[in-house]
Student: 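First the structure, then my questions, so here it is.
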Amino acid sequence: MSEKRIRVRFAPSPTGPLHMGGVRTALFNYLFAKRNGGDFLLRIEDTDQTRYVPGAEEYIIESLKWCGLIPDEGPGFGGEYGPYRQSERKEIYARYAQQLVESGWAYYSFDTPEDLDRLRAEAEASGQVFSYSQHTRMKLCNSLALNEHEVKIRLESGEPYAIRFKMPEQLDVTEEDLIRGSVTFNTRELDDKVLFKSDGMPTYHLANVVDDHLMEITHVIRGEEWLPSMPLHILLYRALGWEETRPRFSHLPLILKPQGKGKLSKRDGDKLGFPVFPLQWQDPETGEISKGYREDGYFPEAFINLLALLGWNPGTEQEIFSIEELTGLFSLERVVKSGSRFDPEKARWFNRSYLQEKSPEALAQLFEPMLKQKNIVTDISRIIPVIEEIKDRCDFVKEFWDHGYYFFEAPKNYDEKTVSKRWKPETPVEMEAIAQLFDTIDNWEATFIKDSFSVFMNEKGWNFGAVMNPLRLCLVGGNMGPDLFRICELLGKDETVNRIRKAVKVLG
RNA sequence: GGUCCGUUCAUCUAAGGGUUAGGAUUCAAGAUUUUCAUUCUUGCCAUAGGGGUUCGAAUCCCCUACGGACUGCCA
């Protein structure tokens with residue numbers, strides 16, 4: 001094989017937000033490039049003007065940045081092979097389309113979209129499927145069926161036309177897919193795809209082949225939905241005389257929805273309560289908002305990690321990988337062939353793993369803005385010890401509040417179940433006694449508080465459970481939380497005593 | 001309908017002819033925590049079915065079933 005530098009591309013269409021399957025495709029391309037010391041390019045495939053969605057390209061780029069998948073080349077990233085937006089490469093494609101007609105690999109088609117719609121409808125009515133192919137092309141309106149003179153007149157009169165690929169008859173096209181192994185198609189079953197549209201733009205098929213060649217792409221790594229068009233692309237390289245240098249192909253398995261049938265779609269996320277997009281997206285037409293992993297509180301490292309393991313594994317039992325580790329280990333050979341169902345529970349677990357590894361300082365920095373939003377201003381140094389106590393019980397930074405709000409504000413109400421279970425007629429007297437005891441403690445540290453408390457309890461002969469549980473209720477408003485004396489310490493003596501007395505007043 | 005791809009615990013997956021089919025998530029039980037959660041331990045659970053090839057098959061071949069993708073002047 002050649003010594004060519006490895007170059008791969010991620011080529012999304014800016015027709016909406018990037019789906020997590022798209023992010024995984026980008027990730028695998030990135031990992032493959034970096035593993036092999038090559039280049040990762042971003043190319044925007046915007047050849048369909050009718051499907052342009054404002055903001056989609058920016059969304060794609062912001063998503064890649066959030067994930068840390070920075071292209072070496074692409075719109076806004078520089079590079080020697082630009083422009084990287086297909087709409088800006090328009091002139092290039094017409095030339096190659098023309099070349100294909102001249103060499104007999106393609107032909108003009110004058111059938112209008114309406115004509116074809118009608119033919120499709122008719123076929124369907126009789127239980128058939130219409131296809132523009134070697135079996136039907138001679139009965140249709142194109143430069144193969146029409147005589148030379150007729151074609152010339154139509155062309156000169158400016159009649160709109162599309163250029164279609166003239167699929168060879170009865171030819172086996174075999175390719176070694178780097179993930180799936182040998183795949184064979186016979187051209188007899190393939191149709192004559194449009195390469196160049198009547199609006200002057202190429203279709204995906206022509207544009208991606210031309211651009212991959214011009215941009216010296218060595219490996220095409222894309223979703224499984226492209227597998228059926230691989231023979232067309234291979235033949236296009238042959239027709240253009242680029243077979244010697246053409247890229248190798250790999251088709252990634254799909255990401256399937258957690259339950260039921262089919263691939264993961266936008267709707268599933270909304271229905272099942274997890275994001276399918278990296279970032280939140282608001283549809284510019286309908287205003288409808290779709291959740292994003294970022295806004296849901298996922299760490300980008302966790303998101304990347306879970307995506308990497310959806311359809312790939314290094315063959316060891318390790319599951320937590322930094323992006324650097326992934327780039328060191330990745331190989332297409334270890335990508336699985338079958339589609340994988342996405343498991344939101346495991347996604348949560350990945351985030352948890354990353355959260356537990358982070359320092360209390362770093363987590364406090366992330367939590368502080370959320371406190372500010374609740375109008376709680378406090379010093380980072382006061383947040384850190386709280387996080388040390390509660391982070392075990394959290395999967396996301398945003399859960400710190402639910403598990404530790406009582407460190408920042410007195411409980412507004414008391415959990416009813418706990419009250420009915422723990423708050424007895426004698427409790428108020430006991431609580432007041434504890435409050436008085438606490439008032440006398442000078443060294444306000446968990447171990448001392450605990451010692452004093454124990455001595456006192458033994459003197460009184462009171463039952464620990466009967467006192468500690470309502471005491472916890474006074475301080476946190478429920479029956480949850482870390483070590484009670486640690487809570488007392490962090491609350492401070494005055495606040496602790498105040499909360500006890502307040503609870504006695506409220507609960508009677 | 002046609003073409004192509006796929007099929008190991010509920011889920012993600014390991015095992016590239018010889019293992020008690022391993023790990024992780026979920027779930028369940030026990031321990032610890034005088035609370036809740038965590039943590040730890042244990043447990044439940046799989047080679048789609050049928051034929052071959054072979055001393056020996058999750059692994060190779062064929063058939064069936066099921067699932068999926070594609071079948072646009074969309075990408």
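Values below: all heavy atoms of this structure, side chains included; hydrogens, waters and symmetry mates excluded. We name chains A, B, ... by the order of the sequence lines, and we start the count at 1 in each one.
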Student: Given atom CG of A/Leu306 and atom P of B/U26, what is their separation to the nearest angstrom?
Tutor: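 Nearest whole value for this atom pair: 14 Å.
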Student: Paired with B/U3 by Watson-Crick or G-U wobble geometry, both distances under 3.5 Å: which nucleotide is it?
Tutor: B/A69
Student: Would you mind telling me which of B/A75, B/U25, B/U11 lies closest to the side-chain atoms of A/Glu45?
Tutor: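 Among the listed nucleotides, the one closest to the side chain of A/Glu45 is B/A75.
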Student: Using a 4.0 Å heavy-atom cut-off across all strands, classify A/Arg120 as base, sugar-phosphate, or nothing.
Tutor: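 Sugar-phosphate only.
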Student: Just checking A/Ser338: base, sugar-phosphate only, or nothing, at a heavy-atom cut-off of under 4.0 Å?
Tutor: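 Sugar-phosphate contact only - A/Ser338 comes under 4.0 Å of backbone atoms but never of a base.
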Student: Closest heavy-atom contact between A/Pro83 and A/Met215?
Tutor: O-CE, 3.7 Å
Student: Report yes if a side-chain nitrogen or oxygen of A/Asn313 is closer than 4.0 Å to either non-bridging phosphate oxygen (OP1 or OP2) of B/U13; otherwise report no.
Tutor: no
Student: Determine the contact category for A/Asp483: base if any of its heavy atoms lies under 4.0 Å from a base atom, sugar-phosphate if only primed atoms, P, OP1 or OP2 are that close, otherwise nothing.
Tutor: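 If one applies the 4.0 Å heavy-atom cut-off, A/Asp483 turns out to touch a base.
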Student: Just checking, is any N or O donor in the side chain of A/Gln134 or A/Glu169 under 3.5 Å from an acceptor N or O on the other one?
Tutor: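 There is no such pair between these side chains.
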Student: Whole-Å distance between B/C12 C1' and A/Arg341 CZ?
Tutor: 12 Å
Student: Would you please confirm or rule out a distance under 4.0 Å between OP1 or OP2 of B/U13 and any side-chain N or O of A/Ser340?
Tutor: yes
Student: Any strand counts, and the cut-off is 3.5 Å on both contacts for Watson-Crick or G-U wobble. Which nucleotide pairs with B/A10?
Tutor: B/U25
Student: Consider the side chain of A/Arg472, meaning its heavy atoms from C-beta on, and name the nucleotide among B/U35, B/U25, B/G2 that approaches it most closely.
Tutor: B/U35
Student: Tell me if the aromatic rings of A/Tyr298 and A/Phe303 count as close, with their centers under 6.0 Å from one another.
Tutor: no
Student: Given atom CG of A/Leu18 and atom C1' of B/A75, what is their separation to the nearest angstrom?
Tutor: 13 Å
Student: Does a side-chain N or O from A/Arg352 land closer than 4.0 Å to OP1 or OP2 of B/A24, or not?
Tutor: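 No, outside the criterion.
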Student: Looking at the side chain of A/Thr203, which of B/G68, B/A75, B/A37 is the nearest nucleotide?
Tutor: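 Between B/G68, B/A75, B/A37, the one nearest the side chain of A/Thr203 would be B/A75.
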Student: Measuring only the P atom in each nucleotide, how far is B/G50 from B/U59? A whole number of Å is fine.
Tutor: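 Nearest-Å result for B/G50 against B/U59 at atom P: 12 Å.
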Student: Can you spot which of A/Asp191, A/Asp111, A/Asp192 makes a side chain to side chain contact (heavy atoms under 4.5 Å, CB included) with A/Arg137?
Tutor: A/Asp192
Student: Over how many whole Å does the gap from A/Lys346 atom NZ to B/U26 atom P extend?
Tutor: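 It is 9 Å, rounded to the nearest whole Å.
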Student: Taking all heavy atoms of A/His403 and all of A/Ile390, pick out the closest pair and write down the distance.
Tutor: O-CG2, 3.6 Å
Student: Under 3.5 Å, is there any donor-acceptor pair linking the side chain of A/Lys263 to the base of B/A69?
Tutor: no
Student: What integer number of Å spans the P atoms of B/A24 and B/A37?
Tutor: 22 Å
Student: Please work out if A/Gly262 contacts a base, only the sugar-phosphate, or nothing of the nucleic acid, heavy-atom cut-off 4.0 Å.
Tutor: sugar-phosphate
Student: Is any side-chain nitrogen or oxygen of A/Arg422 closer than 4.0 Å to OP1 or OP2 of B/U35?
Tutor: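 No, A/Arg422 has no side-chain N/O under 4.0 Å of OP1/OP2 on B/U35.
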Student: Side-chain contact test, heavy atoms from C-beta onward, threshold under 4.5 Å: evaluate it for A/Asp212 versus A/Arg43 and give yes or no.
Tutor: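 A/Asp212 vs A/Arg43: side chains touch.
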Student: Could you work out the separation of B/C66 and B/C44 based on their P atoms and round it to a whole Å?
Tutor: 33 Å
Student: Establish, for the pair A/Arg154 and A/Phe110, whether the NZ or CZ atom is under 6.0 angstrom from the six-membered ring centre and no further than 45 degrees off its axis.
Tutor: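 Judged by the rule, A/Arg154 and A/Phe110 form a cation-pi pair.
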Student: I want to verify a distance call: between B/C73, B/A75, B/U25, whose nearest atom is closest to the A/Val194 side chain?
Tutor: B/C73
Student: Kindly point out which of B/C70, B/G1, B/U26 is positioned nearest to the side chain of A/Pro228?
Tutor: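 The answer is B/C70, which lies nearest to the side chain.
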Student: Ion pair present between A/Glu399 and A/Arg393, side-chain N to carboxylate O less than 4.0 angstrom?
Tutor: no
Student: When the P atoms of B/A14 and B/C62 are compared, how many Å lie between them, rounded to an integer?
Tutor: 22 Å
Student: With P as the reference atom in both, quote the distance from B/U47 to B/C12 in angstrom, rounded to an integer.
Tutor: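 To the nearest whole Å, 16 Å.
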Student: Strictly below 4.0 Å, heavy-atom distances to any atom of RNA chain B: list the hits from residues 175-186 of chain A, or just say none.
Tutor: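 Per residue number, the list reads A/Arg180, A/Val183, A/Thr184, A/Phe185.
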Student: Tell me the interatomic distance from A/Lys193, atom NZ, to B/A75, atom C1', rounded to whole angstroms.
Tutor: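 Rounded to whole Å, this separation is 12 Å.
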Student: What interatomic distance, in whole Å, is found between C1' of B/G68 and the corresponding atom of B/A48?
Tutor: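 Result for the C1' pair: 16 Å, nearest Å.
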Student: To the side chain of A/Arg164, which of B/G22, B/C73, B/A24 is closest?
Tutor: B/C73
Student: Would you measure the distance from the P atom in B/C36 across to the matching atom in B/A21 and give it in whole Å?
Tutor: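 It works out to 40 Å between them.
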Student: Heavy atoms under 4.0 Å, any strand shown: does A/Val476 hit a base, just sugar-phosphate, or nothing?
Tutor: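 Counting heavy atoms under 4.0 Å across all strands, no contact is made by A/Val476.
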Student: Using a cut-off of 4.0 Å on non-hydrogen atoms, how would the nucleic acid contact of A/Pro253 be classed: base, sugar-phosphate, or nothing?
Tutor: nothing
Student: Using atom OH of A/Tyr414 as one end and atom P of B/U35 as the other, report the distance to the nearest whole Å.
Tutor: 21 Å
Student: Using side-chain heavy atoms (C-beta onward) and a distance below 4.5 Å, is A/Asn305 in contact with A/Ile320?
Tutor: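 Counting from C-beta outward, A/Asn305 and A/Ile320 do come under 4.5 Å.
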Student: Using a 4.0 Å heavy-atom cut-off across all strands, classify A/Lys391 as base, sugar-phosphate, or nothing.
Tutor: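 Contact class for A/Lys391: none.
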Student: Atom CD1 of A/Ile255 to atom C1' of B/G68: distance rounded to whole Å?
Tutor: 14 Å
Student: Using the P atom on both, measure B/G67 against B/U11 and round to a whole Å.
Tutor: 15 Å
Student: Residues of residues 46-59 of chain A with any non-hydrogen atom less than 4.0 angstrom from an atom of RNA chain B: list those, numerically ordered, please.
Tutor: A/Thr47, A/Asp48, A/Arg51
Student: Where each residue is assigned the nucleotide of RNA chain B containing its nearest heavy atom, which of A/Asn479 and A/Gly127 is assigned the position nearer the 5′ end?
Tutor: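 Its nucleotide being nearer the 5' end, the pick is A/Gly127.
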Student: Taking atom types as modelled and ignoring hydrogens, do the side chains of A/Asp211 and A/Tyr84 form a donor-acceptor contact shorter than 3.5 angstrom?
Tutor: no
Student: Looking only at heavy atoms, what is the nearest atom pair of A/Arg222 and A/Asn208, with distance?
Tutor: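 Looking at all heavy atoms of both residues, the shortest contact is NH2-OD1, 3.9 Å.
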Student: Separation of A/Met167 atom CE from B/U71 atom P, in whole Å?
Tutor: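 To the nearest whole Å, that distance equals 13 Å.
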Student: Any side-chain N or O of A/Lys257 under 4.0 Å from OP1/OP2 of B/U11?
Tutor: no
Student: Ignoring backbone atoms, test whether A/Lys197 places a side-chain nitrogen or oxygen under 4.0 Å from the OP1 or OP2 oxygen of B/C74.
Tutor: yes
Student: Would A/Glu224 and A/Arg180 pass as an ion pair if we require N to O under 4.0 Å?
Tutor: yes
Student: Check the side chains of A/Ser454 and A/Asp451 for a donor-acceptor pair under 3.5 angstrom, ignoring hydrogens and angles.
Tutor: no
Student: Identify which nucleotide among B/U38, B/G2, B/A14 has an atom closest to any side-chain atom of A/Val336, counting heavy atoms from C-beta outward.
Tutor: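 Minimum distance to the A/Val336 side chain belongs to B/A14.
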Student: Does A/Arg334 have a side-chain nitrogen or oxygen under 4.0 Å from the phosphate oxygens OP1 or OP2 of B/A15?
Tutor: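 Checking B/A15 against A/Arg334, a side-chain N or O does come within under 4.0 Å of OP1 or OP2.
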Student: Counting any heavy atom closer than 4.0 Å, what does A/Asn463 reach on the DNA or RNA strands: base, sugar-phosphate only, or nothing?
Tutor: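 Touches nothing.
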Student: Judged by each residue's nearest nucleotide on RNA chain B, which is more toward the 5′ side, A/Pro258 or A/Asp191?
Tutor: A/Pro258
Student: Checking A/Gln318 against A/Glu325: is there a side-chain donor and acceptor pair closer than 3.5 Å?
Tutor: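 On atom types as modelled, these side chains qualify, holding a pair under 3.5 Å.
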Student: Under a 3.5 Å cut-off for both contacts, is B/U38 paired Watson-Crick or G-U wobble with anything, and if yes, with which nucleotide?
Tutor: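 Result: none.
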